[in-house]
Participant: 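First, the structure itself, so that you have it in front of you.
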Protein chains: 2
Amino acid sequence: MSATIKDIARKVGVAPSTVSRVLSNKSKYYTSETAEKVKAAARELGYKKNQAAVELVKKQSNVIAAVVSSVKTNFAGQIIDGIQSEASKHGYNLIVVYSNSASAEEQRKALLTVIERPVMGILLLSIALSDDNLNMLKESDIPYCFLSMGFDDDRPFVSSDDMEIGYEATKFLIDKGHRRIGLAAIDKYPYTGRLRLAGYKKALSEVNIVPEDSWIQSGDYSYTAGESAMKAYGKDTELTGIVAASDMAAIGALNQARSLGLHVPDDVSIISIDGTEMCQIVQPQLTSVSQDFYKMGVVGVQRIEESVNSKTKSQNNQQLIPVHIYERDSTK
Amino acid sequence: MSATIKDIARKVGVAPSTVSRVLSNKSKYYTSETAEKVKAAARELGYKKNQAAVELVKKQSNVIAAVVSSVKTNFAGQIIDGIQSEASKHGYNLIVVYSNSASAEEQRKALLTVIERPVMGILLLSIALSDDNLNMLKESDIPYCFLSMGFDDDRPFVSSDDMEIGYEATKFLIDKGHRRIGLAAIDKYPYTGRLRLAGYKKALSEVNIVPEDSWIQSGDYSYTAGESAMKAYGKDTELTGIVAASDMAAIGALNQARSLGLHVPDDVSIISIDGTEMCQIVQPQLTSVSQDFYKMGVVGVQRIEESVNSKTKSQNNQQLIPVHIYERDSTK
DNA sequence: GCAAGTTAAGCAAACGTTTGCGCAATTAGA
DNA sequence: TCTAATTGCGCAAACGTTTGCTTAACTTGC
């Protein structure tokens, strides 16, 4: 029931096209006098652009969509922050839709909500798409980019170098003098876990160590996975250092270690992967291999922008963001 | 460039209107035979509905929008979870936009992204709208509802009963035998803080205690506000119990207490407000007055639904969700 | 003072759907 | 067999913008 461009046109006594041009700042098609009158009328009538109409005719909008696997990943916020700030720098709007990655049907619904309107690009945050849904995405011809996870195939993504993460975390402990080092709560088979595991093994092999099977406790990056891993290592573990798959896993391991009567870092050192603010609110504060999630968001938006501008597929569409180690109190 | 309803119509040899009716399941206007052919063609052409066109003609969509004040509030996730699940139960889609509540301009942009399209309702998560922006929202004629914060005026909202929160938290400590109880990191003047403060005072007055000024350390609910409050109380504080304004504030206070050499709960008990998962990952685990954020999301969606169905303004548009106390290890 | 160029503004088509209405063909009722 | 009701489907308008084209008026250069 709200005012349209035609109402304004009638009120001012000009054509709708003129109003449109004034309101979208297509300069040089009207006098500043007309412009003023139009703007005044628009204000007065409380005019709101109907984006549906705009998008219908322009077949392009200035909104970027982010599909997030779940509200629970505690770094999603940082990525979104990055996206938001870069997007708003370029005048794009951001809408986020959440999808429980467990269900392909939920994924599909989330994806459709964004595909069915002319968004300028889609960013996927740590979401594992089913084949059908990935196909749907590809066929939509909307630029997209995965964030914080990598792939074997040629899908565009920006993430950390997971091999480097595994390597650097392990190397850090090795340099501190540790030799018997565990890897906790990591998912061994998917791309990310596989690379981190490879990095871990590489670092160990450089000092001629082959990890025993029991050193590697796989899991799903969760708090409880961290707990279970620590439980499996046990009170009398031979390990002196642990690389935890995520902050939450590290905290799980940390708390479980305390329950077992182990002191961190005196009895066992823990280094965490991710480096969210969680690391700083637990005690002892967790040493971490920190990913630059904010930057991932920023770069993600830039990739979308490139895809939009140069219709030709850029060749370098898989980008790695460097990580940094922050030494805190959980290692020695 | 993707297929439209007309392409399907041409391919099958029927009118676009028939295709439309088939695709939106308007039964009784076509034979099942036609329906099959249409659906097959749609699949074959990879047809995607253009929502912009749909919304333009229907002036109504099935999307609910949530405007979130910042990615950082750690309970927003729970509210969104609740919204999501209730929304998808009714076949609505959810889009989220983030807005830094600090800047009225950012707020305005976020609000416009959702107002400028025919969303069925707007949910505002712990966001303090400027007057201008509130007016814009009201004038849009889109149903809206604030979540997790209350107001003096007649705006629709669903939140916890902040008076009860302050009262119950304090009462809990009183019942444990505490008499000198502090209130930390609360924002004294806005609605929420004011009510919690009132509840705190009420509980104390029931046992004939008037809190000293130094017992009440105001702040902004943050980790550092919790830290500062505890610092202000000091190592030799006369307080035996503290009500912290939020989980983060409680953790700040907890860690600061430890730095000061105070043991929780032996030297001082801490009860936290919010009850997010944070309470369970720190040690000692925090006793909390837990808000049912998930339910707020659910109820928020229901309120929107009501507004849509009965165009008449419901009178009972301010709803309070009960809180629960979970006793953990930070109080005794 | 006149042709050429410039400027401000209007006309109308187009975007992809939905839906009220109309029409023909079929079926039912008698 | 004839009228009435029903069924299946098509026509065309409508939603609110944008934008290429046209036009009229005005300015400039000579």
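Below, chain A is the first sequence line, B the second, and so on; all start at residue 1. Source: prediction; values computed, not measured.
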Participant: In whole angstrom, what separates A:Leu56's CG from C:dA13's P?
Facilitator: 17 Å

Participant: For DNA chain D, find the residues of residues 40-52 of chain A with a heavy-atom distance under 4.0 Å and give them by number; none if there aren't any.
Facilitator: A:Tyr47, A:Lys48, A:Lys49, A:Asn50

Participant: Return the orientation label for the B:Phe75 and B:Phe293 ring planes: parallel under 30°, perpendicular over 60°, tilted otherwise.
Facilitator: parallel

Participant: For B:Ala53 and for A:Leu23, find the nucleotide of DNA chain D with the closest heavy atom, then tell me which residue's nucleotide is more 5'.
Facilitator: B:Ala53

Participant: What nucleic acid atoms does B:Tyr29 come within less than 4.0 Å of, heavy atoms only: base, sugar-phosphate, or nothing?
Facilitator: base

Participant: With sequence neighbours left out, which residue pairs that include part of residues 110-123 of chain A fulfil the salt bridge (Lys or Arg N to Asp or Glu O under 4.0 Å) condition?
Facilitator: A:Arg117-B:Glu55

Participant: When you check the phosphate oxygens OP1 and OP2 of C:dG16, does a side-chain N or O of A:Lys59 lie under 4.0 Å from one of them?
Facilitator: yes

Participant: Using only heavy-atom distances, determine whether the side chains of B:Tyr29 and B:Ser17 contain a donor-acceptor pair under 3.5 Å.
Facilitator: no

Participant: Between atom CD in A:Glu55 and atom P in D:dT19, what is the gap in whole Å?
Facilitator: 13 Å

Participant: So, is B:Lys26 near the phosphate of C:dT19, with a side-chain N or O under 4.0 Å from OP1 or OP2?
Facilitator: yes

Participant: Would you say B:Thr34 places a side-chain N or O within less than 4.0 Å of OP1 or OP2 belonging to D:dG8?
Facilitator: no

Participant: Check each residue of residues 12-21 of chain B for a non-hydrogen atom within less than 4.0 Å of any atom in DNA chain D, then write out the ones that pass by number, or none.
Facilitator: B:Gly13, B:Val14, B:Ala15, B:Ser17, B:Thr18, B:Arg21

